[in-house]
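Here is the structure we will look at.
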Amino acid sequence: MIQVYNNLIHKKTEFKSLKKDTVNMYVCGVTVYDLCHIGHARAYVSFDIIRRYLEYRGYKVKYIQNFTDVDDKIINRAIENKEDPLDLSTRMIDEYFLDMDAINIKRADIYPKVTTHIPEIISFIEKLIKKGLAYSVDGDVYYDVRKFKDYGKLSNRKLADMQAGARVDINDKKVYPLDFALWKAEKENELSWDSPWGKGRPGWHIECSAMSMKYLGATFDIHGGGHDLIFPHHENEIAQTEGLTDKPMANYWVHNGFVRINDEKMSKSLDNFFTIREVLKQVDPMALRLFFLMTHYRMPINYSDTDIIETSKALSRISHSLTLNDLKDDAVDVETYRQEFVSAMDDDFNTARALAVVFDLVKQLNKTLNINYQILLKELLSVLGIKIEQKEESIPKEIIALAEKRQQARIDKNWAKSDEYRDQISAAGFAVKDSKDSFEIIKINA
RNA sequence: GGAGGCGUAGCCAAGUGGUAAGGCAGCGGUCUGCAAAAUCGUUAUCCGGCAGUUCAAAUCUGCCCGCCUCCUCCA
């Protein structure tokens, strides 16, 4: 039995999909105005794992993830860059895939974009107005938050308490301060579309309601995103969709914890973020993935160079045991390991626990040299999306020549000479690993 | 002010009533000319503090201390 922590009710419950063998999930994607940072990486690794595990357990998963390709940030950045906003967003989508492919995130079934769903968005807004949940003012359209009785149910807050916080926009057009924009009237020559309310563009939240409705229907199984999306984004999505349909939008609301730097939230405004590609210059992409998996997805995770380097060492332990060959094929009990893995993952996708099984398996494989452990290990790693490829490191000819000279010195038992060559090789950034009568050269990661 | 989370070995991190997973580092052994790499073994009488419930608590209750997030765009 799979248990999932549902943020709507703040507890773990048994996972039951609407349709027997299918899971429909929608994960909020990125606003494409810049390169992705490792916070994004964590989010999409988390949901990639959920998706992969559900598939492993026999579900057919339909996975939708949007791109927000029109919003203030994109427009502002495009102005700074003196480039067309849609060129910017298109470019960043390509960059997104480059990063996510590197960390082995399975592609979503559909990546809907705001700019290609304007008619759906407009029609959604029209229905909300018709139902009396939204109103238009001077070309803007706002959601009338007080008309939706469940407003605040996901983030567990009351309208009155939020006003006390008093950090809401002061905007004369709104009837009530917490009302939010569904449609924004065009500002001087900004990117805009025709609508019943004049030229303009969609507000942020409406896209997810309109697009999830289009691809997954009124109610779907899992809605995911970062912890920071709970309010206002997901709260507003619920208001829009459930206000319109009077049905639950999603049965399970799942949110991943933040990546922190020095115990503070990593964010662009604090300027303490690392992009995915910066990190991948330092370590193997799978080390980054493993780093996330070592901590449960709902917990905050502190990022540091030291920690990620430790993780690469753990990763090499796994990769090494995958390279073992000439293994025995005696019958061994492999099922116990598989069951432990499944029970860990069944428990709200507890990858930290699941990895303990993986490492036990590595140890068992090293000890017994039995191929059946290796087969299972490969199976479990693929569920976790850890793809280990035997990289052909290109070793420069001169390094090989040095190593060969050293090997001759070893045969001659000329240890002084041999050590000298080894020093030269390591100075060049390589290490020689000796075995009985041969050697291997590996590149040392800086 | 309102809502929520976290505090477990040197570091990272699971564990939510039955007596502390796993990783990294450290230590000891194997291998090696010596190393490195690899490998095997080992490493918390104890879970922020105090009180309480219980036969039994890291796990439940109360209070306290420390840290973080959300309430504005944000994965």
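Note that this is a predicted model, so its numbers are computed, not measured. Proteins come first, then strands; the chains are lettered A, B, ... in the order of their sequence lines, and each starts at number 1.
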Atom pairs, protein N/O to nucleotides 58-61 of chain B N/O, distance under 3.5 Å:
none

Proximity to the side chain of A:Asp161 - top-ranked nucleotide from B:G2, B:A75, B:A14: B:G2

Atom pair distance, as rounded to whole Å: CG in A:Asn302 and P in B:A13: 7 Å

Those residues that, when tested against A:Ser155, pass side chain to side chain donor-acceptor pair (under 3.5 Å) (two or more places apart): A:Arg157, A:Glu235

Contact pattern, 5' to 3', of nucleotides 23-35 of chain B - B, S or - by protein heavy atom under 4.0 Å: BBS------SBBB

Of residues 86-102 of chain A, the positions that come close to RNA chain B - non-hydrogen atoms, cut-off under 4.0 Å: none

RNA chain B-proximal residues of residues 252-268 of chain A, any heavy atom under 4.0 Å: A:Asn256, A:Gly257, A:Phe258, A:Val259, A:Arg260, A:Asp263, A:Lys265, A:Met266

Side chain to side chain donor-acceptor pair (under 3.5 Å) contacts in which one or both residues fall within residues 91-105 of chain A, not counting sequence neighbours: A:Gln65-A:Tyr96, A:Glu83-A:Arg91, A:Glu95-A:Arg277, A:Asp99-A:Arg277, A:Asp101-A:Arg107

Within residues 339-350 of chain A: residues closer than 4.0 Å to RNA chain B (heavy atoms): A:Asn350

Report, one pair per line, the protein and nucleotides 47-49 of chain B atoms (nitrogen or oxygen only) whose separation is under 3.5 Å.
none

Positions of residues 148-157 of chain A (non-hydrogen atom under 4.0 Å from RNA chain B), listed by number: A:Ser155, A:Asn156, A:Arg157

ring-ring contact (aromatic ring centres under 6.0 Å, His included) involving A:Trp183 - partner list, sequence neighbours excluded: A:Trp197

Nucleic acid contacts of residues 220-227 of chain A, taken as heavy-atom distances under 4.0 Å to RNA chain B: A:Gly225, A:Gly226, A:His227

A:Leu355 CG - B:A21 C1' separation (whole Å): 11 Å

N/O donor-acceptor pair, side chain A:Lys73 with base B:C73, under 3.5 angstrom: yes

Side chain of A:His37 - closest among B:G15, B:C70, B:A75: B:A75

Under the ring-ring contact (aromatic ring centres under 6.0 Å, His included) test, residues paired with A:His233 that sit two or more places apart: A:Trp204, A:His205

